[in-house]
Number of protein chains: 2
Amino acid sequence: MTDATMGGALDRLLAVVVVLGRDAQHRLAEIGLSDARAGLLWELARSGPTTQRRLADLIGVSPRNITGLVDGLVGTGFVTREPHPDDRRAALVTLTAHGTAVVVTLAEEQRVFARQLFDGLPAASLRSFVDGLDHVLGVIAELGADSPHLAGLLPARLSAT
Amino acid sequence: MTDATMGGALDRLLAVVVVLGRDAQHRLAEIGLSDARAGLLWELARSGPTTQRRLADLIGVSPRNITGLVDGLVGTGFVTREPHPDDRRAALVTLTAHGTAVVVTLAEEQRVFARQLFDGLPAASLRSFVDGLDHVLGVIAELGADSPHLAGLLPARLSAT
DNA sequence: TATTGTTATACTCTATAACTATA
DNA sequence: TATAGTTATAGAGTATAACAATA
């Protein structure tokens, strides 16, 4: 197989990355969310009421950063910040009714989108496609985080804009 | 085909998005580049010496933003900013030898990465995979920018971290 | 002493608006 | 009058470090 063939496959994969990322960001902005805030919201939906410290660990971001994200989400009505009942140092972040409704809506939209994306694809083709994705994920897992070969992808991704 | 099957396909696709984006950012940081600066560098490699105004249009970002990105790239030795020979209002941004070398390296690393990613895949499987990607790109193109259904993808993407 | 969250500070990316120099 | 790039200002996301209150 030629380098061009494989390069083309990677290019297409990056093109998909670009359009999905752009559209998601666009949709979130309509609702009044940024990527970072939406990530926090999503984590909150999975975990239930959570301390800021734990959110920092779950999302992989500094505690100081969580303070800012929660400030924003409180200000726009997606979450509340309340004193932790058992630990007076800690704060408990909780989805509001609005925050919960938004997460539910986004999840539903994602389901609809998956259907739009793959409904026209024969079952066998979809299976092959998923196999390809799994292969890619497997290779990346093998290469590991310390591989110096997972390299300059973003430039291509950005130029695809 | 079930919703779960298609949802799983989208989930995997988003997982790939996450790991590729993370690894690219990691690699760029090693070289001393951010996503935004790498994007400018890449565009410069494609276009040759370019005015800041044109870069703003190409990248789709405000002229003021270009000023900052070029400042950073000049300071770290990736590009030069020189007076335009014909238009004394304009500046001409040009890759340095170092900047050119970095772009070449990243492009080569990307080629190596594509090989690592797809070499283990039978040709027929790779073709099916690419077909799947093309299908996805086609559907998205059909839906168009005004579709309200390309929705809350990023939350899932982030939770996949 | 260790932990939670904050204030203080700083850097990057992003934007708009006003201004300067030039076309 | 229009265009290229800057200064001025603002806001989001990110980080570290120092500090308060509490465990």
Side-chain angles (χ1 to χ4, degrees), chain A residues 21-22 24-26 28-29 31-43 49-76 78-94 154-155 157-158 161, chain B residues 21-22 24-26 28-29 31-43 49-76 78-94 154-155 157-158 161:
Chain A
R22 196 163 40 199
Q25 202 172 335
H26 195 263
L28 289 174
I31 303 175
L33 285 173
S34 62
D35 291 6
R37 290 182 190 177
L40 202 162
L41 221 60
W42 205 254
E43 196 54 59
T50 308
T51 65
Q52 294 190 184
R53 172 67 220 205
R54 182 144 171 271
L55 284 172
D57 292 338
L58 288 171
I59 298 182
V61 96
S62 72
R64 176 59 184 93
N65 198 351
I66 296 292
T67 300
L69 295 176
V70 171
D71 283 351
L73 288 167
V74 168
T76 47
F78 290 90
V79 308
T80 60
R81 179 199 272 125
E82 287 168 300
H84 192 290
D86 301 348
D87 186 339
R88 277 165 38 204
R89 294 171 304 179
L92 211 51
V93 182
T94 308
L154 269 183
R157 169 182 145 194
L158 291 168
T161 307
Chain B
R22 195 162 41 199
Q25 202 172 335
H26 195 264
L28 291 174
I31 302 175
L33 286 173
S34 62
D35 289 7
R37 290 182 190 176
L40 202 162
L41 220 60
W42 206 253
E43 196 54 60
T50 309
T51 64
Q52 295 190 184
R53 173 65 221 205
R54 182 144 171 271
L55 284 172
D57 291 339
L58 287 171
I59 298 182
V61 95
S62 72
R64 177 57 184 94
N65 198 353
I66 296 291
T67 299
L69 294 175
V70 172
D71 284 350
L73 288 167
V74 168
T76 47
F78 289 90
V79 308
T80 60
R81 178 199 272 126
E82 287 168 302
H84 193 289
D86 301 347
D87 186 338
R88 277 166 37 205
R89 295 171 303 179
L92 211 51
V93 182
T94 308
L154 269 184
R157 169 182 146 192
L158 290 169
T161 307

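Rounded to a whole Å, the CG atom of A:Leu73 is 8 Å from the P atom of D:dG13. In this structure, the CG atom of B:Leu55 is 13 Å from the P atom of C:dT14, given to the nearest Å. Taking atom CG on B:Leu69 and atom C1' on C:dT14, their separation rounds to 9 Å, with Å as the unit. Atom CG in B:Leu40 sits about 12 Å away from atom P in D:dG5, given to the nearest Å. Taking atom CG on B:Asp71 and atom P on D:dA4, their separation rounds to 18 Å, with Å as the unit. Rounded to an integer number of Å, the gap from CD of A:Gln52 to P of C:dT7 is 11 Å. Atom CZ of A:Arg53 and atom C1' of C:dT6 are 14 Å apart (whole Å). The interatomic distance linking B:Gln25 (CD) with C:dT12 (P) rounds to 14 Å, in whole Å.
For the side-chain contact (heavy atoms from CB on, under 4.5 Å) criterion with A:Arg81, the lone passing option out of A:Thr94, A:Leu73, A:Val74 is A:Val74.
For the atom pair CD1 (A:Ile59) and CD1 (A:Ile66), the distance works out to 4.5 Å, reported to the nearest 0.5 Å. Remark: A:Leu92 CG to A:Thr80 OG1 distance equals 8.0 Å, nearest 0.5 Å. Here the CG-CG distance, from A:Leu41 to A:Leu69, works out to 11.0 Å after rounding to the nearest 0.5 Å. Distance check: B:Leu58 CG to B:Leu40 CG gives 9.5 Å after rounding to the nearest 0.5 Å.
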How would nucleotides 16-23 of chain C be written as a contact map, 5' to 3', with B for base contact, S for sugar-phosphate-only contact and - for no contact, using protein heavy atoms under 4.0 Å? B----BBS
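Pairs passing the side chain to side chain donor-acceptor pair (under 3.5 Å) check and including a residue from residues 53-63 of chain B, sequence neighbours excluded, read B:Arg53-B:Asp57.
Residue-level contact check: B:Arg54 touches neither bases nor backbone, having no heavy atom under 4.0 Å from any strand. Residue-level contact check: A:Ile66 touches neither bases nor backbone, having no heavy atom under 4.0 Å from any strand.
Residue A:Ser34 places no side-chain N or O under 4.0 Å from the OP1 or OP2 atom of D:dA12. A close approach under 4.0 Å does occur between a side-chain nitrogen or oxygen of B:Arg81 and OP1 or OP2 of D:dT6.
Every residue was checked against the salt bridge (charged side-chain N to carboxylate O under 4.0 Å, His left out) condition with B:Arg64, not counting sequence neighbours, and none meets it.
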